[in-house]
Amino acid sequence: MAASDAPNGDVLIRNAFGSVLAFLILLLIGVLAFSIRLFSVIKYESVIHEFDPYFNYRVTQFLTKNGIYDFWNWFDDRTWYPLGRVIGGTVYPGLTLTAGTLYWFLHSLNIPLSVETVCVFTAPIFSAFASWATYLLTKEIKGVGAGLTAAALLAMVPSYISRSVAGSYDNEAVAIFALIFTFYLYIKTLNTGSLFYATLNSLSYFYMVCSWGGYTFIINLIPMHVLLCIVTGRYSSRLYIAYAPLVILGTLLAALVPVVGFNAVMTSEHFASFLVFIIIHVVALVYYIKGILSPKMFKVALALVVSIGLAVCCAMVAVIIALVASSPTKGWSGRSLSLLDPTYASKYIPIIASVSEHQPPTWPSYFMDINVLAFLIPAGIIACFSPLSDASLFAVLYIVLSVYFSGVMVRLMLVLAPAACILSGIALSQAFDVFTRSIKFQLPSLSDHSHIDARDASSENVVLDDTIKTDKNEDTPKERMTKRSKKKEKEPVEKPPTKFQIKKRLSVLPFEASIIAVILLVLLVAFYVVHCVWAAAEAYSAPSIVLTSHSNDGLHVFDDFREAYAWLSHNTDVDDKVASWWDYGYQTTAMANRTVIVDNNTWNNTHIATVGTAMSSPEKAAWEIFHSLDVKYVLVVFGGLVGYPSDDINKFLWMVRIGGGVFPHIKEPDYLRDGQYRIDSMATPTMLNCLMYKLSYYRFVETDGKAFDRVRRTEIGKKYFKLTHFEEVFTTHHWMVRIYKLKPPKNRIRGKNKKSKSKTSSTTTSKRKGTRRNPF
Amino acid sequence: IDLTSHIIKVYLTLKVENLGTSPASEVHLAFSPAEAEHLAIVKAAATSGKRKKKTYIPLDVKSAELPDGPNGTKFFTVTLLTPLNKGETATLEVLYILTHSLEPFPVEITQSESQLVYFRDSAILLSPYHVKEQTTFIKTPSTRVESFTVVDPAKRAGTELKYGPYEDQPPYSYSPVLVHFENNNPFAVVEELEREIEISHWGNVQVTERYRLVHAGARHKGAFSRVEYQTRPDATGVSSFKHLLAKLPPRVHSVYYRDEIGNVSTSNLRTDYRKSELEFQPRYPLFGGWKSTFVIGYGLPLQDFLFESPDGRRYLNFTFGCPLTQTVVDKLILKVVLPEGSKDPTAVIPFQVDQHLEIKYSYLDVIGRTVVVLEKSNVVPEHNVPFQVYYTFNPIFMLAEPLMLSIAIFLFFVASVSYLHADLSIRK
């Protein structure tokens, strides 16, 4: 009795110790996930980054100031002048509401953090949550070890860091957590068949719908998984419980979000879920009937049902196809279509193609963003197959789909990152499992050996020699494997399904090979960590509104954007309209609090095309367009003096292309010389006379006498010119932002007077002729 | 009259004689309504001794009402140390400071022009008394004086205009003078300054200053060309300014300078044991009429500013006024945030201010902190004098928040433990 008790207690203690250890590790992973994202705050400052976060920040400010009801009804007249924008109905409110709740909670405890601080730190907090969710998800798929490894990998995967550094206050920051957590709850429901988790799952899905347009990924991935399960004969009542409530509750809840609304049932993105919903019911019915009928009867019934069912299905499909085909985009939104057909955007919607994050990624960006995970993924896939469960099937499906999507758009690398972490976590943990087990298995025997040879000088060498001798037959192939750790995982992977004792015997690898493999794996992971920290510190922490450059005489700070926005906000009238290319719309409304014509929410292509047309028109035509839009100031970003590459001249291509897409008098070839946009002496006259060129290079020649553009690395084509309809009112310290004011229409009237004078003189002469004629 | 900056300093040296019969203990100073509106401070001192060994004894100055003042003339009363008997004379030094009294003309200038201003005053001192002899000197910042009203005898030499001497002027005589001259000094005006001084008995005084700065000179007209501003700094934008200097107390730490959209990266802090100087630039050079807002914050060691008075109360000894040099503050709001649990605050300030109390909730406060709010308009650097806020404070309140936190964490653990041991299922 005592003998049997002792191991029980031992196991209990070990379990308790293990869970405490796991808890501590998780806590540390959370701290790691949070703190690795603070590089931006430490190296720069606690500030909102980039473009979209500024909009979210502004919405959050409005929410905390005016409350939730005003937020739903908010009509923003500061943007898309003169159209305006209904913010409450067109924004994914998840992020804003999250930060708003956080803010209210802190203030109810009398912790007076500013909205900005809360917004800046929302993303790091949620990435800690996301790594915990990854732990849960991977634990459901492959156990605690894999879970912890995956969580640690996710905590610092560069792809996710790039979207969730402190200050990057964007939808993705909370959406990735929601995505992983929804998947976790789905798998949890699938594993337990509990309706409780199914309900939680739809709530989590609701949160995801609130947060990000990427929720369509969930509502397509889960049906696909369900379908795959059904096709591979894995249907169970657990699958039904995991899926059916999600579709019903999830769709109902999703329809509550104003921005989704009836899209939850009307657009093609959601169609797959309903189709699979029907299929799963049919399958459930079939299983049910199969259960109550005898096999013979069942065959008869099957034949009957299939023939009727096929007819009904054909009719249904015909109706649906007719419905879908009747809409021009086949019921798909532009972005989704460009996912299915990667060439779609560049063919039809230049505005989507113009965003750099909508471009397909290059190979280096995979290495940059997921690093060694890219090599571990195949191993992970194999590990998933070794005992194929519903959950691991899901992981495989997830990685396959997300690899495809990330190949279409750079920004969807973000969806790939969790999948890559999960599979790499599985791979790594399985590999470690096998290696350490084989080391442990051989250790007692080794220690016996070494005891014998202990008195000899170099026991270790002897031991190694011994093992080499004993395992010589197996040695050569396995050493080859150690060189390519990827292959290594194949070996362990095959073992888990078999029974424990058999596995133990089968999976034993030679001792030194295991040690080398472990060391190599540790090195691999260490390399990954080093890369991640480097990426977090150097590559992804720049807030992009403040630029720094290192040169021989120290650090240079280029704070021109905020200089310009501060100037606008303090020295122009509150109701003045500022026109700029749409990239700067969000920042202008948030930082300068001025009305803009177009902004980063590119919902109205015509409006953007109007601004693009104005920028690519000659001065007078541009003045007329801007004047008709009630614009008072025009803001251009110019990098030619300091060499800031993403300035408006480099974006000019898109202005022409988008403008020309709507207004055919803007023809792209007019701006091209030998198929290139040039601003040097080879530039076309249309180019040299367009507004963008003039506003960018106005009086530029006076800086160095040569007008050498450091971005294009050339001298500009036309150096001396005057502006007749615009006047420079502000240029920042490094010339990065230049603000021009439209001259009042007085000028034009004077010009017209001259013209009309000449006209009137001519008319008077003709009149005189007339009058002369008249008396007679 | 010193017109070299936009803060006008007027030094009056009065030699008063009592011609009446009864001893006079007060001297009245008269100001025209326009002056009175812009009057920031009036100081008076009695001088005694010879030239070299002059000693100044500050005198009380109060505003007063006199029944016979014409056209809304405002009066201030200087109380003399010893009443003057018949025939006695005394010498008084009076300093008063006028703000917003230089009127830019032309009202709008372009970038390449320099700023010209009007100054209006009277050649003859406005006074309720008979003035026997008077001379007025006006000092201008540069030799460029466009025009000035000639009231004989008047003459101009270099940067100085001399009116007078005028003799035997009757009471309330007035002779308007208009001086039109160049003044390219920065007309830095802080429209509103909110200084928040937060005392923590854990050893820190945190000061947060929110500025709303404006260039109150001639408004900028037309284009701003960065080329000209950068390549010819002497010839363009002479009236604009881009540097500001703040004098902060010594041993200042964790200074920050930011505005509502983030840090402003152009600042420079010099510290030594006597004073700290923060030199900083607004985001953009300020031209006439341009505005800017920013926040400066810093921490100070508690022992330098907080003392215990003999009766057991504590008091904060801090400088009133704006730390920026050469600026006028239109409205200064000074908030002293006392620690949570302090009672009976009283403020002692050497001049008239509006006072009231507020409650502020800061980190994890339950009952809130008492805030003494002092408001004053038209503040000039001469107002940078110490003031005191007395209050009583029990040190036990220092421990309230740490205790609260530890109790909350303890309760959380107790709750977790009891949850783990409780069986909440309905069926066994």
Side-chain angles (χ1 to χ4, degrees), chain A residues 44-48 54 57 106-114 116 120 167 543 545-546 548 555-572 587 590-593 641 698-704 723 726-735 738-741 743, chain B residues 110-111 191 198 208 212-215 219-232 242 256-267 281-295 337 340 359-369 401 404-405 408 416 420:
Chain A
Y44 296 88
E45 58 180 282
S46 169
V47 74
I48 308 280
Y54 267 97
Y57 169 50
L106 288 172
H107 275 246
S108 67
L109 289 179
N110 278 331
I111 299 176
L113 293 180
S114 68
E116 192 185 8
V120 165
I545 53 160
V546 190
T548 53
L555 182 78
H556 286 274
V557 179
F558 299 98
D559 203 359
D560 285 34
F561 286 108
R562 289 193 295 186
E563 182 182 346
Y565 293 134
W567 184 87
L568 271 178
S569 94
H570 293 304
N571 300 309
T572 57
Q587 290 185 348
M591 284 199 265
N593 192 21
L641 185 75
Y698 177 60
R699 300 189 75 174
F700 179 54
V701 67
E702 289 171 49
T703 52
D704 59 353
L723 293 173
F726 294 85
E727 68 175 344
E728 182 186 11
V729 285
F730 191 74
T731 297
T732 57
H733 189 242
H734 301 101
W735 287 59
R738 312 195 69 181
I739 301 170
Y740 292 84
K741 191 177 181 177
K743 280 191 181 161
Chain B
T110 61
Q111 194 180 345
E191 286 186 326
E198 195 167 333
T208 313
R212 215 170 68 208
L213 189 75
V214 68
H215 186 301
R219 274 208 308 283
H220 180 68
K221 181 176 70 177
F224 163 69
S225 168
R226 180 65 77 166
V227 166
E228 283 177 17
Y229 187 75
Q230 278 174 340
T231 52
R232 293 189 288 139
K242 59 178 183 179
Y256 63 86
Y257 166 47
R258 53 175 292 144
D259 63 4
E260 62 263 36
I261 54 175
N263 282 354
V264 190
S265 46
T266 45
S267 59
Q281 299 178 7
R283 285 198 186 274
Y284 40 86
L286 283 169
F287 280 79
W290 287 13
K291 291 176 184 171
S292 181
T293 59
F294 52 89
V295 180
V337 184
E340 198 179 18
I359 297 283
K360 184 193 172 187
Y361 292 93
S362 186
Y363 291 91
L364 294 171
D365 284 353
V366 179
I367 52 172
R369 303 176 184 205
E401 277 156 17
M404 217 162 68
L405 270 184
S416 329
L420 286 181

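Here is the naming used below: chain letters follow the sequence lines, and residue numbers restart at 1 for every chain.
- For the residue pair D259(B) and A566(A), the shortest heavy atom distance occurs at OD2-CB, 4.4 Å.
- The contact between L113(A) and chain B is made entirely by side chain atoms (from C-beta outward), counting heavy-atom distances below 4.5 Å.
- Atom CD1 in I261(B) sits 7.0 Å away from atom OH in Y54(A) (nearest 0.5 Å).
- Ranked by heavy-atom pairs under 4.5 Å with chain B, the first of R562(A), H107(A), K741(A) is R562(A).
- In this structure H220(B) satisfies the ring pair (Phe, Tyr, Trp, His ring centres under 6.0 Å) test together with F287(B), W290(B), sequence neighbours excluded.
- Comment: R258(B) engages E116(A) in a salt bridge, judged by a side-chain N to carboxylate O separation of less than 4.0 angstrom.
- Nearest heavy-atom pair, D559(A) versus N263(B), reported as atom, atom and distance to 0.1 Å: OD2-O, 3.7 Å.
- Note that CD of E45(A) and OH of Y256(B) are 13.5 Å apart. Values are rounded to the nearest 0.5 Å.
- Considering only residues two or more places apart in sequence or on other chains, K291(B) meets the salt bridge (Lys or Arg N to Asp or Glu O under 4.0 Å) condition with none of them.
- A distance of 10.5 Å separates CG of D365(B) from CD1 of I111(A), quoted to the nearest 0.5 Å.
- Counting only heavy atoms from C-beta outward, the side chains of P112(A) and Y361(B) never approach each other to under 4.5 Å.
- In this structure, the portions of N110(A) lying under 4.5 Å from any heavy atom of chain B include both its backbone and its side chain.
- For the set T732(A), I545(A), V557(A), L109(A), the count of heavy-atom pairs under 4.5 angstrom toward chain B peaks at T732(A).
- Relative orientation of the F730(A) and Y284(B) rings is perpendicular, given thresholds of 30° and 60° on the angle between their planes.
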